[in-house]
There are 2 protein chains.
Amino acid sequence: MMSRQKTGRPPRLSSDTIAAAAETIIDTDGIEALSMRRLARALGSSPTAVYRHVRGKDELLLLLLDRAARELRKGPLPRDPRKRIFGLFQIVYDGLAMRPWVVGVLVKGDLIAPSFLWFIEEIVAAFVAAGLSPQRAGAAYLVAWRYTVGHLIVRYETGQNGAKLKHTPGVLRQLSSIDTQQFPILAELTGFWPAARKRDTYREDLAALIDGLLARG
Amino acid sequence: MMSRQKTGRPPRLSSDTIAAAAETIIDTDGIEALSMRRLARALGSSPTAVYRHVRGKDELLLLLLDRAARELRKGPLPRDPRKRIFGLFQIVYDGLAMRPWVVGVLVKGDLIAPSFLWFIEEIVAAFVAAGLSPQRAGAAYLVAWRYTVGHLIVRYETGQNGAKLKHTPGVLRQLSSIDTQQFPILAELTGFWPAARKRDTYREDLAALIDGLLARG
DNA sequence: ACCTGAACACCGTTCAAGT
DNA sequence: ACCTGAACACCGTTCAAGT
């Protein structure tokens with residue numbers, strides 16, 4: 001048998017180099033700056049060459065999602081179910097807070113990186129260990145996940161990464177510059193909103209949610 | 001004094017007709033189909049004419065946000081603080097569930113339609129009436145709002161309106177078609193996830209969250 | 001005063017052709 | 001086998017010119 005000869009042009013691009021280039025674009029200028037054409041420019045190739053390695057922008061994003069999921073590493077976790085739940089969500093929250101654009105991809109099309117499955121399994125198991133039925137535990141996981149998504153998205157969009165709006169019509173105002181005359185309760189909270197935006201209350205608010213979920217049994 | 005004469009061409013477009021046309025595009029083909037050029041086509045005008053009435057796409061979206069906010073109408077509400085909180089969030093949830101794209105606009109740039117302020121005031125007041133300090137009440141409102149955002153976004157994106165992904169790389173799978181061999185707890189929940197997606201659990205899950213928040217005091 | 005046309009600087013994607 | 005060029009059907013936005 002003859003040894004297999006390599007034929008044709010040697011590849012210059014690979015899905016790994018493509019994904020890496022995409023990640024530096026995202027890290028530099030945000031997810032909205034990632035385009036197939038700009039990616040190609042960064043790789044020094046034609047836009048169309050990228051399509052040999054990735055079927056489209058969709059697939060590229062999911063590839064990036066999978067790479068992000070692989071970086072979530074499970075450290076040592078508390079044995080106590082309640083504390084374990086917090087620890088698990090904290091891992092995901094911290095991982096996603098670093099790459100908040102992932103949330104947008106993750107949320108589409110009920111897709112799941114298998115790299116995420118151990119997390120769901122562990123969470124649901126911890127809820128069961130805390131006394132919920134499997135069904136209730138699954139439901140509890142979904143609620144907490146939705147809360148996490150909401151927190152990450154609001155945090156991302158109102159943060160410095162958030163898309164700034166250039167034109168705001170006269171009808172709309174910033175929450176900070178509101179006429180609180182007719183709103184007695186909100187008037188007492190001037191200065192509270194900017195402060196609330198600074199502190200990250202994910203963990204303590206998650207505690208309230210989880211305790212509510214465990215209490216309903 | 002001479003009576004003011006109208007001068008120049010009579011306007012054919014107005015921000016009202018523009019907003020209305022934009023809304024029918026969104027209702028027909030979704031928010032991602034809304035472009036200045038398509039809007040102009042629908043109005044029978046040149047793309048550039050729209051810019052006489054609206055400073056850009058940003059401003060158009062915020063205009064639509066304000067129009068949506070105006071449609072949220074406060075009906076009669078329970079006097080009991082806890083029930084009142086549920087009622088208020090239900091109004092917002094129902095209103096936004098009909099126009100889920102609003103969430104994306106709302107979440108950007110901590111903007112607030114004054115038409116939304118009565119809602120925030122009422123919510124915070126109800127939390128205070130339920131025994132929280134104004135600060136705690138403000139924080140509680142923020143958590144519940146984030147939960148609502150998460151619920152609406154996940155619901156929108158995984159619903160039939162959700163952007164379908166054409167290409168999925170081999171590494172990724174649908175949650176429904178998972179090898180549950182190595183995940184004993186998840187294996188027990190086959191069939192649970194699709195069912196969970198069908199039922200809208202917003203209200204009952206909000207109850208768990210609110211009770212958790214009230215319990216922490 | 002209001003609207004148009006042409007132009008600039010972009011998109012994602014396909015397909016025939018080149019090396 | 002891999003990559004390029006040209007092309008198609010789009011974007012948001014600006015600015016000089018027309019009615």
Side-chain angles (χ1 to χ4, degrees), chain A residues 3-19 21-22 25-26 28-64 101 104-105 108-109 163-169, chain B residues 3-19 21-22 25-26 28-64 101 104-105 108-109 163-169:
Chain A
S3 76
R4 271 272 210 194
Q5 288 271 137
K6 284 191 179 173
T7 71
R9 248 199 218 191
R12 213 165 49 74
L13 268 40
S14 73
S15 50
D16 263 5
T17 56
I18 289 172
I25 291 175
I26 292 172
T28 314
D29 294 322
I31 185 74
E32 64 287 341
L34 178 65
S35 73
M36 297 303 267
R37 299 178 103 109
R38 169 146 177 206
L39 181 56
R41 224 182 301 137
L43 290 161
S45 78
S46 73
T48 49
V50 180
Y51 284 81
R52 285 283 128 187
H53 300 89
V54 151
R55 289 205 281 173
K57 201 182 177 183
D58 281 7
E59 193 178 84
L60 173 62
L61 287 172
L62 294 173
L63 216 68
L64 297 177
W101 55 270
V105 183
K108 289 204 201 327
K164 299 280 170 263
L165 300 163
K166 273 182 300 195
H167 313 299
T168 60
Chain B
S3 75
R4 271 265 211 199
Q5 287 271 136
K6 284 192 179 172
T7 70
R9 247 200 218 192
R12 215 164 48 74
L13 267 40
S14 72
S15 49
D16 262 6
T17 56
I18 289 172
I25 290 174
I26 292 172
T28 314
D29 294 323
I31 185 74
E32 63 287 341
L34 178 65
S35 74
M36 297 302 268
R37 299 178 103 109
R38 169 145 177 205
L39 181 56
R41 224 182 302 136
L43 289 161
S45 77
S46 74
T48 48
V50 179
Y51 284 81
R52 285 283 127 185
H53 300 88
V54 152
R55 289 205 281 174
K57 201 182 176 181
D58 281 7
E59 192 178 85
L60 173 62
L61 287 173
L62 294 173
L63 215 69
L64 296 178
W101 56 270
V105 183
K108 289 205 200 328
K164 298 280 169 261
L165 300 164
K166 272 182 300 194
H167 312 300
T168 60

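Keep in mind that this is a model prediction, so the values were computed, not measured. Note: hydrogens, waters and symmetry copies are ignored here, and every other heavy atom, side chains too, is used. In what follows, every chain begins at residue 1, and chains take the letters A, B, ... in the order their sequences are listed.
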Participant: Please give me the minimum heavy-atom distance between A:Ile25 and A:Ala33, naming the atom from each residue.
Facilitator: CG2-O, 3.9 Å
Participant: Any chance you could encode DNA chain C as dot-bracket? Rule is Watson-Crick or G-U wobble with both distances under 3.5 Å; [ ] for pairs crossing earlier ones, | for another strand.
Facilitator: ||.|||||...|||||.||
Participant: Return the set of residues passing side chain to side chain contact (heavy atoms under 4.5 Å, CB included) with A:Ser15 (not counting sequence neighbours), or none when no residue passes.
Facilitator: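 Checked A:Ser15 against side chain to side chain contact (heavy atoms under 4.5 Å, CB included); matches are A:Leu63.
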Participant: Report yes if some heavy atom in the side chain of B:Leu60 is under 4.5 Å from a heavy atom in the side chain of B:Met36; otherwise report no.
Facilitator: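 B:Leu60 vs B:Met36: side chains touch.
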Participant: Rounding to an integer number of Å, can you tell me how far A:Asp29 CG sits from C:dC10 C1'?
Facilitator: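 Computing the A:Asp29:CG to C:dC10:C1' distance gives 15 Å.
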Participant: With heavy atoms under 4.0 Å as the rule, sort A:Ser46 into base, sugar-phosphate or nothing.
Facilitator: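 Base contact.
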Participant: Taking C-beta and beyond as the side chain, do B:Leu64 and B:Trp101 meet within less than 4.5 Å on heavy atoms?
Facilitator: yes
Participant: Could you list by number each residue of residues 33-43 of chain A showing a heavy-atom separation from DNA chain D of less than 4.0 Å, or answer none if no residue does?
Facilitator: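 DNA chain D contact set from residues 33-43 of chain A: A:Arg37.
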Participant: Not counting sequence neighbours, which residues clear side-chain hydrogen bond (donor to acceptor under 3.5 Å, both in side chains) with A:Ser35? List them please.
Facilitator: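 Applying side-chain hydrogen bond (donor to acceptor under 3.5 Å, both in side chains) to A:Ser35 gives none.
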Participant: Would you kindly give the CD-to-P distance between A:Glu32 and D:dC11, to the nearest whole Å?
Facilitator: 20 Å
Participant: Quote, to the nearest angstrom, the C1' distance that separates C:dC10 from D:dC8.
Facilitator: 15 Å
Participant: If I take atom CD in residue A:Glu59 and atom C1' in nucleotide C:dG12, what distance separates them, rounded to the nearest angstrom?
Facilitator: 15 Å
Participant: Quote, to the nearest angstrom, the C1' distance that separates C:dC3 from D:dC15.
Facilitator: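 It works out to 13 Å between them.
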Participant: Measure the shortest side-chain to side-chain distance between B:Leu43 and B:Arg12 over non-hydrogen atoms and say whether it is less than 4.5 angstrom.
Facilitator: no
Participant: On a heavy-atom basis, which atom in A:Ala22 and which in A:Leu39 lie closest, and how many Å separate them?
Facilitator: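 Looking at all heavy atoms of both residues, the closest pair is N-CD1, 3.5 Å.
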Participant: Rounding to an integer number of angstrom, what distance separates C:dA7 and D:dC11 when you compare their C1' atoms?
Facilitator: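 Pairwise C1' distance, C:dA7 against D:dC11, rounds to 14 Å.
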Participant: Using atom types as modelled, flag every donor-acceptor pair under 3.5 Å from a side chain in residues 45-56 of chain B to any protein atom, sequence neighbours excluded.
Facilitator:
{"residue": "B:Ser46", "atom": "OG", "partner": "B:Thr48", "partner atom": "OG1", "Å": "3.0"}
{"residue": "B:Ser46", "atom": "OG", "partner": "B:Ala49", "partner atom": "N", "Å": "3.3"}
{"residue": "B:His53", "atom": "NE2", "partner": "B:Leu13", "partner atom": "O", "Å": "3.0"}
{"residue": "B:Arg55", "atom": "NE", "partner": "B:Glu59", "partner atom": "OE2", "Å": "3.2"}

Participant: Which heavy atom in B:Leu34 sits nearest to a heavy atom in B:Lys57, and how many Å separate them?
Facilitator: O-NZ, 2.9 Å
Participant: C:dC3 phosphate, OP1 or OP2: any side-chain N/O from B:His53 under 4.0 angstrom?
Facilitator: yes
Participant: Which of the following nucleotides, C:dC2, D:dT4, D:dT13, is nearest to the side chain of B:Lys57?
Facilitator: D:dT13
Participant: Can you check nucleotides 14-19 of chain C for protein contacts, nitrogen or oxygen pairs under 3.5 Å, and list what you find?
Facilitator:
none

